[in-house]
Visitor: 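My structure is below; once you've seen it, I'll send some questions.
Whatever order the structure lists them in is the order used to number ligands and atoms, beginning at 1. These values consider heavy atoms only, across backbone and side chains, with no hydrogens, waters or symmetry-generated copies. The structure presented is a predicted model; accordingly, all values stated were derived computationally and were not measured. All residue numbers refer to positions in the sequence shown, counting from 1.
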Amino acid sequence: MPALIIGSGYGGAVTALRLAQAGIDCHIVEMGRDWTTPGSDGRIFTQTASPDQRGFWLRDRTKQPVSHFLGVSIDRNISRYTGILDAENMGAIHVYQGRGVGGGSLVNGGMAVTPKRSWFEQILPSVDANEMYNTFYPRANATLGVNNIDQAWFDSTEWYQFSRVGRKVAQRSGFATTFVPNVYDFNYMKQEAAGTVTKSALAGEVIFGNHHGKKSLPVTYLGQAASTGKVTISPLHRVTKVAPAAGSGYTVDIEQINETGGVVATKSVTADKVFFAAGSVGTSKLLVSMKAQGHLPNLSGAVGQEWGTNGNVMVARANHAWDTTGKNQSSIPTMGIDAWDTNGVFAEIAPFPAGAELWVSLYLAITKNPERASFQYNSSTGGVGLSWSQAQAQKSIDLAKVVFDKINKKEVTVYRSDMFGSNKVWNEGLTYHPLGGAVLNKATDNFGRLHGYPGLYVMDGALVPGNVGVNPFVTITALAERNIASIIASDM
Ligand code: FDA
């Protein structure tokens, strides 16, 4: 086959659409399910409040990002299933990722943020920023269907009371706030509020999948790609090996799995070009193990390096009794505290849609944490580990603490210490934003071509060195748009 793409998230979806439009047949191999068939309860996705097996990737017990309430664990046993959200344990950190046709777009909050140009220029100095900001960010935003909330509606609806409280207290402490664009259709959301359509964001749906309203990749890039007739997808297929084929091209070994994770068949195909789009962790693990096992020995030493968490840390504050955040909260965040230039913090004002008034303000902070980790192959287990340590997350806490200490002091409020464990204020043990591991212009050339192997490319979050300063998918999409345009022009 001409082109094989590993993974159907942002990098993979952009690659498939643009190759197909250039007349090139391609095949996507995706280890997660195709989330199109309802279960016996008539739902495709599980309920947010009490997720069943559909919520988590091959786990015996749920692993909720906000894991406790009043210090008591809310996690419970489930049966092992190829569920939509992977809380992948990489030693000191759980890396949350979407699993299924559409990758992270199935589970994320849809926040579609273009980073400040000055920061982009610092992290990816080899990329022409003019081209990115004039051509590729606009192209990505348009194709992703990014839209903005109607600010008058935001200011009046009960569904964003939580966000207005977050804005008010941030501003009273001298921090700027900013509206954040999203791929959730805000017109649909208004109709949800009016009671004229089936609720999704206003029914709390997000991290386990949205039935309506969200423009995830299957309805944008992948939908357009499918309509070309040139793209096929194999869900529940996992790539395990890529190596040069006899003659030319690459041999790709694939395991077909069932919905409990068991291997039902192994396959081997040959492709002229192979695009790694398995996400920062997926792509890094594959490349590091292929190099260590001698299947792709000439890969650059930069493979597996410069991985970061985008400085992610979660925290919650307790508001005063009169400062209600609302029992009705939209699950789609649309505002951030922008203290990036002053404090190295961009904090998403996150919803906590529990269906009851809890006086909680929840935040996911992205911080300017310079710590990086690397992936290593373990020859005795055959697995790939990550060197990230808990101590490396301390910098994220330190940065976020300055901002939220100031807000608490001004408001005479305190942190919640019951939501991430018993007596635990900060949740630094997770990331939603893994980045790096095959950094652009280091592990690859300046357009994602892997050094040493013509016809192998990296197209996903692995290209971004550890921290993009805002939520990452718009940057991953725009960079993929830039790179595939060059690859189609020169290599196809
Ligand atoms: P992505 O992870 O999307 O796709 C990789 C795909 O490859 C997956 O579908 C995976 O199953 C598949 N795969 C992996 N290994 C494979 C193998 N060996 N064989 C076959 N398939 C394989 N970002 C943002 O900008 N705004 C936001 O609001 C949020 N919110 C958010 C919430 C939550 C809960 C999460 C988990 C994440 C976010 N994110 C986010 C992050 C965002 O979703 C993420 O950065 C992108 O999905 C990464 O895109 P990639 O293309 O790099 O990989």
Side-chain angles (χ1 to χ4, degrees), residues 4-15 28-35 57 64-65 82 84-88 94-115 140 144 146 180-184 206-209 214 216-218 221-222 233-242 252-257 275-287 289-290 310 312 314 331-334 336 348 350 364 366 384 430-438 458-464 468 470-477 479-480:
L4 183 141
I5 301 166
I6 310 171
S8 62
Y10 293 91
V14 171
T15 305
I28 303 179
V29 181
E30 166 55 56
M31 74 186 202
R33 291 182 70 223
D34 187 10
W35 290 91
W57 179 258
Q64 294 273 13
T82 48
I84 199 160
L85 184 64
D86 193 355
E88 190 173 1
H94 282 87
V95 183
Y96 282 78
Q97 297 152 94
R99 296 279 176 244
V101 174
S105 79
L106 300 167
V107 298
N108 66 36
M111 290 175 77
V113 201
T114 301
L144 289 166
V146 174
V180 171
N182 205 289
V183 295
Y184 196 91
V206 59
I207 62 171
F208 304 122
K214 179 129 161 251
S216 53
L217 291 169
Y221 275 94
L222 291 171
I233 306 183
S234 294
L236 294 173
H237 281 67
R238 178 170 53 208
V239 170
T240 54
K241 181 178 164 188
V242 179
V252 180
D253 289 358
I254 300 166
E255 288 176 348
Q256 182 177 0
I257 58 174
F275 295 85
F276 289 82
S280 159
V281 174
T283 290
S284 303
K285 287 198 305 188
L286 272 173
L287 293 176
S289 69
M290 291 308 98
N310 210 21
N312 276 191
M314 267 189 191
S331 63
I332 295 298
T334 190
E348 160 187 338
L364 174 66
I366 294 166
V384 175
L430 63 68
T431 181
Y432 283 177
H433 300 161
L435 292 169
V458 175
M459 299 303 293
D460 56 19
L463 293 171
V464 181
V468 69
V470 291
N471 314 62
F473 75 63
V474 172
T475 297
I476 294 169
T477 305
L479 208 53

Visitor: Going by atom types only, do Tyr10 and Asn108 share a side-chain donor-acceptor pair under 3.5 Å?
Guide: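 A pair is found: one side chain offers a donor N or O, the other an acceptor, under 3.5 Å apart.
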
Visitor: Under a 3.5 Å distance rule, please check whether Asn310 uses its side chain to pair with a backbone N or O of Val470 as donor and acceptor.
Guide: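 Flag set: sc Asn310 to bb Val470 pair under 3.5 Å.
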
Visitor: Among Ile6, Thr240, Val242, find the residue that satisfies the side-chain contact (heavy atoms from CB on, under 4.5 Å) test when tested with Leu286.
Guide: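 That would be Ile6.
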
Visitor: Mind checking salt bridge (charged side-chain N to carboxylate O under 4.0 Å, His left out) for Glu255 and listing every partner two or more places apart, or none if nothing turns up?
Guide: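 Glu255 satisfies salt bridge (charged side-chain N to carboxylate O under 4.0 Å, His left out) with Arg238 only.
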
Visitor: Suppose we screen for side-chain hydrogen bond (donor to acceptor under 3.5 Å, both in side chains). Which residues come up paired with Ser105, at least two apart in sequence or across chains?
Guide: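 With sequence neighbours excluded, Ser105 shows a side-chain hydrogen bond (donor to acceptor under 3.5 Å, both in side chains) to no residue whatsoever.
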
Visitor: Taking only residues two or more places apart in sequence, or in another chain, which ones meet Lys285 in a salt bridge (charged side-chain N to carboxylate O under 4.0 Å, His left out)?
Guide: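 Partners of Lys285 by the salt bridge (charged side-chain N to carboxylate O under 4.0 Å, His left out) criterion, ordered by chain and then number, come out as Glu88.
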
Visitor: What short N/O contacts, under 3.5 Å, does ligand 1 make with the protein, listed by atom pair and distance?
Guide:
{"residue": "ligand 1", "atom": "3 (O)", "partner": "Gly104", "partner atom": "N", "Å": "2.9"}
{"residue": "ligand 1", "atom": "9 (O)", "partner": "Glu30", "partner atom": "OE1", "Å": "2.7"}
{"residue": "ligand 1", "atom": "9 (O)", "partner": "Glu30", "partner atom": "OE2", "Å": "3.1"}
{"residue": "ligand 1", "atom": "9 (O)", "partner": "Gly100", "partner atom": "O", "Å": "3.4"}
{"residue": "ligand 1", "atom": "11 (O)", "partner": "Glu30", "partner atom": "OE2", "Å": "2.7"}
{"residue": "ligand 1", "atom": "11 (O)", "partner": "Arg99", "partner atom": "NH1", "Å": "3.3"}
{"residue": "ligand 1", "atom": "18 (N)", "partner": "Val239", "partner atom": "O", "Å": "3.1"}
{"residue": "ligand 1", "atom": "19 (N)", "partner": "Val239", "partner atom": "N", "Å": "3.0"}
{"residue": "ligand 1", "atom": "21 (N)", "partner": "Met31", "partner atom": "N", "Å": "3.1"}
{"residue": "ligand 1", "atom": "25 (O)", "partner": "Met111", "partner atom": "O", "Å": "3.2"}
{"residue": "ligand 1", "atom": "25 (O)", "partner": "Pro472", "partner atom": "N", "Å": "3.1"}
{"residue": "ligand 1", "atom": "25 (O)", "partner": "Phe473", "partner atom": "N", "Å": "2.8"}
{"residue": "ligand 1", "atom": "26 (N)", "partner": "Met111", "partner atom": "O", "Å": "2.8"}
{"residue": "ligand 1", "atom": "28 (O)", "partner": "Gly109", "partner atom": "N", "Å": "3.4"}
{"residue": "ligand 1", "atom": "28 (O)", "partner": "Gly110", "partner atom": "N", "Å": "3.3"}
{"residue": "ligand 1", "atom": "28 (O)", "partner": "Met111", "partner atom": "N", "Å": "2.9"}
{"residue": "ligand 1", "atom": "30 (N)", "partner": "Gly109", "partner atom": "N", "Å": "3.1"}
{"residue": "ligand 1", "atom": "43 (O)", "partner": "Asn108", "partner atom": "ND2", "Å": "3.1"}
{"residue": "ligand 1", "atom": "51 (O)", "partner": "Tyr10", "partner atom": "N", "Å": "3.1"}
{"residue": "ligand 1", "atom": "51 (O)", "partner": "Gly11", "partner atom": "N", "Å": "3.0"}
{"residue": "ligand 1", "atom": "52 (O)", "partner": "Gly461", "partner atom": "N", "Å": "2.9"}

